[in-house]
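Below is one structure; the comments refer to it alone.
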Amino acid sequence: MADPLLISGFSMSSSVERYNHRVTEPKWQSYWTDKRCFESHEDPGKPKYYVLEMFPYPSGRIHMGHVRNYTMGDVIARFRRAAGYNVLHPMGWDAFGMPAENAAIERGVHPKSWTYENIATMRKQLKSMGLSLDWSREFATCDPEYYQHEQAMFIDFLAAGLVERKSSKVNWDPVDHTVLANEQVIDGRGWRSGALVEQRELSQWFLKISDFSEELLKALDTLENWPEKVRLMQRNWIGRSEGLLLRWQLKHAPKGIDELEIYTTRPDTLFGASFMAVAPDHPLAKAAAEKNEALAAFCEECRRMGTSVAAIESAEKKGFDTGIKAVHPFDPSWEVPVYVANFILMDYGTGAIFGCPAHDQRDMDFARKYGLPVLPVVGPREANAASAAATDKAYDGDGVMINSRFLDGLTPEAAFDEVANRLEKAALNGKPLARRKVNFRLRDWGVSRQRYWGCPIPVIHCKACGIVPVPKQDLPVRLPDDAKFDKPGNPLVHHPTWKHVHCPKCNAAAERETDTFDTFIDSSWYYARFASPHAGEPVDAKAGRYWLPVDQYIGGIEHAILHLLYSRFYARAMERTGHFNVSEPFASLFTQGMVIHETFRTHGGDWVLPSDAIEKDGAWVHAQSGETLTVGGVEKMSKSKKNVVDPDTIIESFGADTARWFMLSDTPPERDIEWTENGARGAWRQSQRFWRLVNEAAGHAPGAHGPKGLPLRRATHRTIAAITDDLSSLRFNRAIARIYELATALEEALPQAAADQSVAAAVRESADAFTLLFAPMMPHLAEECWAVLGHTTPVVATAWPVADPELTRVDEVTIAVQVNGKRRDEIRVAKGATREQLEPIVLNLDAVKRALDGKPVSKFIVVPDRIVNLVCAG
RNA sequence: GCGGGCGUGGCGGAAUGGUAGACGCUACGGACUUAAAAUCCGUUGGAGGAAACUCCGUGAGGGUUCGAGUCCCUCCGCCCGCACCA
């Protein structure tokens, strides 16, 4: 990495000494810490502003993605603080999770010490960035002081009926004796052990997020300051559908089963039904399989296929005819065959469907494969009824009902209602044949993990009393420090004493729950804990009312669904159990782009670190070996491709301000930003330029304003207004472009300042404003500049500059003059010039005369203060 | 397959339906210097022209409009999300 301080030496053209970030940055960081500049306190007299960036997982060291994320948050925090808000800007650690446990297994380091050591390293790194964080509120989710509240709330949720224990299928690694997340199953094998993953039924804890499906969906409409993309993703994830539960009478079914309930969103297509299909785990399938070996084998095959990746590969629809028949609800003489099919999911709807091939592509594929009838029942409005039958393409558009007896001629929508109304009134086995049902794709949240490094689930299993919550006075249930990681499986299960306890109810010997919580629970309420991180309850009522919700939340798009949806649910669950008073935790959400970088490889295909790649005569070579390198694509920084740049190195050689400035310049914050060395050097040069500029301006005293200083004053105040606007809406790249414009204006005015007192006064005013305007982005440089300008209170205690409306007012405007929509000239006129005033000026312009070429003007369009367009024939 | 987004100079990107390319990076030329670095000045969408200036130009084609990067339709390309959800 280039070191600008070393390259540049020390002789400079101007008398100003070079700005040295290595001295200045630590100096101001200690100042801010010593004066406790960023510690927040509730102040009902001031408007509050809570800025939060998604807290980091303490993986070891910070990466450039953190630098970008935390810089954006810091700019907002500093800007809002200067603008008079009481700002809360905290930081903590999402500290539970698998990597810590993996480190324990692989290297024998205890997860606890691994985690806290990483936190210490990363805290130091974050501090070197000069972030305006309230470190007094810091916590890690693995602190018992934090997770005890999580446990207490779980007990409250249990009492409130928000928790359920049920059996669920999981990916089980038979070698590691552990449950795997879907993304840990690669080609049907455990990612670590390589063993074939089995599907196992385990009793697990679930949080009943599905109780809130409708509300979580509806409230998305109120989140106007969330990206539309995220709201849409959540909408799709929740997946609301309106349909009908419909029971069909069965013939030739196994004993004790005489009907099949299905779920459909298209009851209008009922007369197009040609088969029924049930999931391989459906009770009907299981019952039928008992007396049918071939069917049993088929179901078993489907079950094995169920394991993630393999299932997606074989998109082929397969079924097995059970021989059972279902009777059509509107025609006792009409029977359709019942299949077991591999594409039917047991946990959606009722795990059973009726197939209407003409209007559903999956059903069509299935019908063609097994030679089942295809009868179109919805026709495009004008087409004739029979035409659709011959194709293999299902029609799912709107149209008009055909081949459907009493529904013929209706729209599908009206037919839906007609079918629903009739079947709701009809009866089968003494109950209505059908009822309307709103269904959701969203399922309950399984929170049990068979792991050590997580928050223990505070319940006790007693043979006599069943499940007994740990009494609150016994919390926290602490993780034992002396766990061993030498055997596969959950160390909490193997621990000699930890799980053996007495039942709180009957005092008999009992066992602790050895599962721990999904770490998404930890991050589902940490934002609330920051309001009162030392309170005896999860959230202090007064502090919560004051600080919550988060005004601006910033993080990666990868959390668009799970983390953000769980947090929204958690807020509601906490609200219901009296811990909280807001249902939506994040008023505004911003999702920032990734940091990307060029990739380098040797001819052998090995990835090479950018710091080992040097440019030589237009080609890239390896710094040590001299081997020629190929330059690959620009991709997300990742350890595997080695295209990473270490924040420590950047901060050491260029300074935190330069790194921050780079992260905000040029690229809009929501897009991916490419880290380039040239860009970083450019940012560094600009910081030096600002330093020199302010130093030169500092030689001029403030004073009375006069006409000669007016242009610079106008530029200054217009910039204040524009940047205030840009920062309010997170358009950092535009704010920076405007700062450059002001720097240029200031630079141009400086030479005249010695000769004219009013220019000097304007320069001085401009330099002050300029410094305050870039301060949120480059806070250390700004403090140093501010001191040079003679101020005795620091920038962090100085109010944001306010634009004088007198000076932002525009008196004269440039109007473009077009002929037939083409720009021919431009004129400067007084603001608000009328058509009558403009017409003679415009018609007299040479360029206009040339363009008109003597032709008469047929239309004279005036857009006040913007444009004039002359329309002429020909 | 379904849903969403995006295509503007060598590059990152500006642009309430109203002067396309602000601002920055790169590159090139020049000044300063013994030299370099740093700094400063200039040029930098394409074509033509000595210049004034003219023509073309926002993925392609069409449309609406006095006027389209922006709105509408069709197509091409790239990116992202969901993926048997009945």
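Residue numbers start from 1 in every chain, and the chains themselves are labelled A, B, ... in the order their sequence lines are given, proteins ahead of strands.
Of all nucleotides listed (A86(B), U16(B), G81(B)), G81(B) comes nearest to the side chain of Met233(A).
Within the structure, salt bridge (Lys or Arg N to Asp or Glu O under 4.0 Å) pairs that include any residue of residues 721-744 of chain A comprise Asp725(A)-Arg731(A), Asp726(A)-Arg731(A), Asp726(A)-Arg734(A), Asp726(A)-Arg738(A) (at least two apart or interchain). The salt bridge (Lys or Arg N to Asp or Glu O under 4.0 Å) pairs that include a residue from residues 660-669 of chain A are Asp74(A)-Arg660(A), where partners are two or more places apart or lie in different chains.
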Between the protein and nucleotides 8-14 of chain B, which nitrogen or oxygen pairs come in under 3.5 angstrom?
| unit_1 | atom_1 | unit_2 | atom_2 | d |
| --- | --- | --- | --- | --- |
| G12(B) | O2' | Thr667(A) | OG1 | 2.7 |
| G12(B) | N2 | Asp666(A) | OD1 | 2.9 |

Could you list all N or O pairs between the protein and nucleotides 2-4 of chain B that sit under 3.5 Å apart?
none

- Item | Protein-to-nucleotide contact annotation, 5' to 3' order, nucleotides 49-54 of chain B [B base; S sugar-phosphate only; - none; under 4.0 Å, heavy atom] | ----SS
- Message: Base contacts versus sugar-phosphate-only contacts with protein, heavy atoms under 4.0 Å: please encode nucleotides 61-70 of chain B as B, S and - from 5' to 3'.
- Response: -----BS---
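Residues meeting the side-chain contact (heavy atoms from CB on, under 4.5 Å) test with Ser241(A), sequence neighbours left out: Tyr263(A), Thr265(A), Tyr348(A), Asn439(A). Judged as a salt bridge (Lys or Arg N to Asp or Glu O under 4.0 Å), and not counting sequence neighbours, Glu261(A) has no contacts. Remark: Trp445(A) engages Asp518(A) in a side chain to side chain donor-acceptor pair (under 3.5 Å) (not counting sequence neighbours). With sequence neighbours left out, Ile827(A) forms a side-chain contact (heavy atoms from CB on, under 4.5 Å) with Ile815(A), Val817(A), Val829(A), Leu838(A), Ile841(A), Val842(A), Leu845(A). With sequence neighbours left out, the side-chain contact (heavy atoms from CB on, under 4.5 Å) criterion links Glu214(A) to Lys218(A), Arg240(A), Val438(A), Phe440(A).
Consecutive pairing runs in RNA chain B reach the stem threshold at B:1-7 with B:76-82, B:10-12 with B:23-25, B:27-31 with B:39-43, B:45-48 with B:53-56, B:59-63 with B:71-75, where a stem means at least three Watson-Crick or G-U wobble pairs with distances under 3.5 Å.
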